[in-house]
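Below: the structure, in structure tokens.
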There are 2 protein chains.
Amino acid sequence: MIAGLLDGTWKGGDRLTEAEAVERFGVSRTPVREALLELQGLGLVELRRNCGAVFAPFGPDELRDLYAVRSLLEVEATRLAATRLEKDWIEAMIAAFEKIRDQGGVDPDWESDRELHTAIAEASGNRRLAAEIARYGELVQLMREIVGEQALGGIHNTTVNEHLDILHAIERRDEASAAEAMRRHLAQAADSAAGATLRRREEIRE
Amino acid sequence: MIAGLLDGTWKGGDRLTEAEAVERFGVSRTPVREALLELQGLGLVELRRNCGAVFAPFGPDELRDLYAVRSLLEVEATRLAATRLEKDWIEAMIAAFEKIRDQGGVDPDWESDRELHTAIAEASGNRRLAAEIARYGELVQLMREIVGEQALGGIHNTTVNEHLDILHAIERRDEASAAEAMRRHLAQAADSAAGATLRRREEIRE
DNA sequence: TCAAGCCGAATTGTATACAATCACGCGAAT
DNA sequence: ATTCGCGTGATTGTATACAATTCGGCTTGA
């Protein structure tokens with residue numbers, strides 16, 4: 001529903017009134033309003049009184065900014081996880097990692113990917129940090145749904161190795177390496193996402 | 001309204017149904033729901049189906065986590081602001097700073113304080129980072145309203161000097177010093193907030 | 001011609017009624 | 001005694017009607 005409002009065809013500055021959204025989804029204004037409020041919380045629309053919701057621009061610049069913040073959060077969480085290294089969380093991380101590895105399909109298993117990132121985030125010991133990371137996970141997931149999941153495929157083996165680097169560094173309690181490995185991993189993800197959105201833009205132009 | 005729901009007397013795990021909130025405020029469920037959703041977005045309550053909203057615990061640990069994340073965001077923004085150093089933003093920062101300094105009253109002018117932090121955040125050039133920082137500004141403001149503003153008074157001169165350190169470092173394009181100055185500033189703020197919440201808890205116990 | 005003021009349509013904000021869902025307690029069967 | 005199942009009441013989710021606000025255009029006057 002929330003993703004439905006963002007069908008990928010909007011341009012920054014486009015406006016959508018609640019009435020239009022109601023017409024498009026066949027539900028009443030109440031859930032539409034809540035969805036719009038949630039999108040505002042994620043920073044994807046700006047709600048203005050009696051003017052409709054205006055979509056925030058979402059091009060390469062915004063994607064770069066988004067991944068910069070995500071990286072800031074997750075790198076710090078990784079560093080903290082390496083310093084604390086609690087056994088329960090290590091097991092959770094490894095379980096999530098093996099789930100991704102054994103999946104082995106061509107298309108990446110984003111759910112397991114999120115589980116791993118969540119495990120690392122919670123291993124940081126900072127619940128609010130973990131919550132913010134989860135929020136960015138939602139945002140990225142939403143982006144995937146808009147852009148089309150298949151557009152992000154074909155990076156599976158690479159990500160497995162990147163995850164492995166991160167986990168090994170955490171197990172060694174090597175916080176600097178762990179942070180750097182996570183930084184590299186997210187830089188890769190950012191590049192991949194940028195490519196996918198560009199391809200998506202071209203699809204729309206056709 | 002949002003702050004009203006959190007009157008400072010709740011304990012973590014307490015539940016509040018929409019009906020109770022309606023009764024307490026004399027407004028209908030619609031705005032109550034929106035307020036609760038916003039509180040959920042800020043991570044202060046957890047909304048569970050047919051169970052009412054359960055308040056998140058908010059003690060010293062949570063406060064520490066909160067300021068850790070806030071510091072992570074604002075320190076990075078300060079660093080970026082120092083590397084970019086665009087003239088317009090410098091002027092905005094100085095204007096906000098002088099407003100705080102010339103205020104000179106005993107009670108800190110939190111509105112101007114937020115303006116300065118906002119100016120620094122936007123000078124980072126990362127709009128999403130600035131948006132997250134603004135979100136944490138709201139959260140801290142909310143906390144002040146709950147805890148009682150007066151409880152945080154008496155730190156005015158200290159914060160002026162801290163702000164000055166940050167601005168001077170940014171003007172020198174000394175990103176390391178600027179980041180460190182912001183880190184110290186927020187560590188002070190965290191201590192101050194911790195003290196205020198503790199005092200508040202004692203007030204309630206009486 | 002331009003500006004000021006006002007009116008109406010459009011849009012959001014709020015209240016309330018109704019539907020769906022779930023928790024909790026009771027009772028019966030094993 | 002414990003557990004399973006069910007029914008009822010409570011609570012949230014949704015729809016819709018109404019109030020408040022605001023934007024745009026039109027008129028009117030200088």
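Residue numbers begin at 1 in each chain, while the letters A, B, ... track the order of the sequences. Values reported hereafter were calculated over all heavy atoms of this structure, with side chains retained and with hydrogens, waters and symmetry mates removed.
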TODO: Can you see which heavy atom on Arg127(B) is nearest to which on Asp65(A), and at what distance?
DONE: N-OD2, 3.3 Å
Open item on the list: If the threshold is 4.0 Å, N to carboxylate O, is there a salt bridge linking Arg128(B) and Glu62(A)?
Closed with: no
TODO: Would you mind checking if Glu115(B) and Lys99(B) are paired as a salt bridge, meaning a charged N to carboxylate O distance below 4.0 Å?
DONE: yes
TODO: Kindly calculate the angle separating the two end axes of the helix from dT1(C)-dA30(D) to dT30(C)-dA1(D), each obtained from five base pairs, and round it to 10 degrees.
DONE: 10°
Open item on the list: What is the separation between atom CZ on Arg15(B) and atom C1' on dC24(C), rounded to the nearest whole Å?
Closed with: 12 Å
Open item on the list: What I want to find out is whether Glu138(B) reaches Arg135(B) closely enough, with some N-O distance under 4.0 Å, to be called a salt bridge.
Closed with: no
Pair up each side-chain donor or acceptor in residues 47-58 of chain A with any protein partner under 3.5 Å, not counting sequence neighbours, and list the distances.
none

- [ ] Could you check which residues of residues 16-23 of chain B get a heavy atom under 4.0 Å from DNA chain C? Sort them by number, please.
- [x] none
- [ ] Can you sort out which residues in residues 31-45 of chain A have a heavy atom within less than 4.0 Å of DNA chain C? Ascending by number, please.
- [x] Arg33(A)
TODO: Start with the C-alpha distance between His117(B) and His163(B), add both sets of side-chain angles, then the distance that settles ring-ring contact (aromatic ring centres under 6.0 Å, His included), and finish with yes or no.
DONE: CA-CA 9 Å; His117(B) 281 259; His163(B) 286 153; 5.6 Å; yes
Open item on the list: Quick check: on DNA chain C, is the nucleotide nearest Gly26(B) upstream (toward 5') of the one nearest Arg48(A), or the reverse? Name the residue that is more 5'.
Closed with: Arg48(A)
Open item on the list: Check this one for me: any side-chain N or O of Thr30(B) less than 4.0 Å away from OP1 or OP2 of dT14(C)?
Closed with: no
Task: Contacts of Tyr136(B) that satisfy side chain to side chain donor-acceptor pair (under 3.5 Å) - sequence neighbours left out - done: Glu132(A)
Open item on the list: Any salt bridge linking Arg33(A) with Glu34(B)? Criterion: basic side-chain nitrogen under 4.0 Å from a carboxylate oxygen.
Closed with: yes
Open item on the list: Tell me which one of Ile166(A), Leu164(A), Asp102(A) satisfies side chain to side chain contact (heavy atoms under 4.5 Å, CB included) with Phe97(A).
Closed with: Leu164(A)
Open item on the list: Taking the basic N atoms (NZ, or NE/NH1/NH2) and the acidic carboxylate oxygens, is any pair closer than 4.0 Å for Glu203(A) and Arg199(A)?
Closed with: no
Open item on the list: What is the separation between atom CG on Leu47(A) and atom P on dT11(C), rounded to the nearest whole Å?
Closed with: 14 Å
Task: Closest non-hydrogen atom pair, Ala178(A) against Thr78(A) - done: O-CG2, 3.5 Å
- [ ] Looking only at non-hydrogen atoms, find the nearest pair between Val75(B) and Ala179(B) and report the distance.
- [x] CG1-CB, 3.7 Å
TODO: Kindly give the heavy-atom pair with the smallest separation between Ala123(A) and Arg84(A), and that separation in Å.
DONE: O-NE, 3.4 Å
Open item on the list: Output one letter per nucleotide in nucleotides 17-22 of chain C: B when a protein non-hydrogen atom lies under 4.0 Å from the base, S when only the sugar-phosphate is that close, - when neither is.
Closed with: B---BS
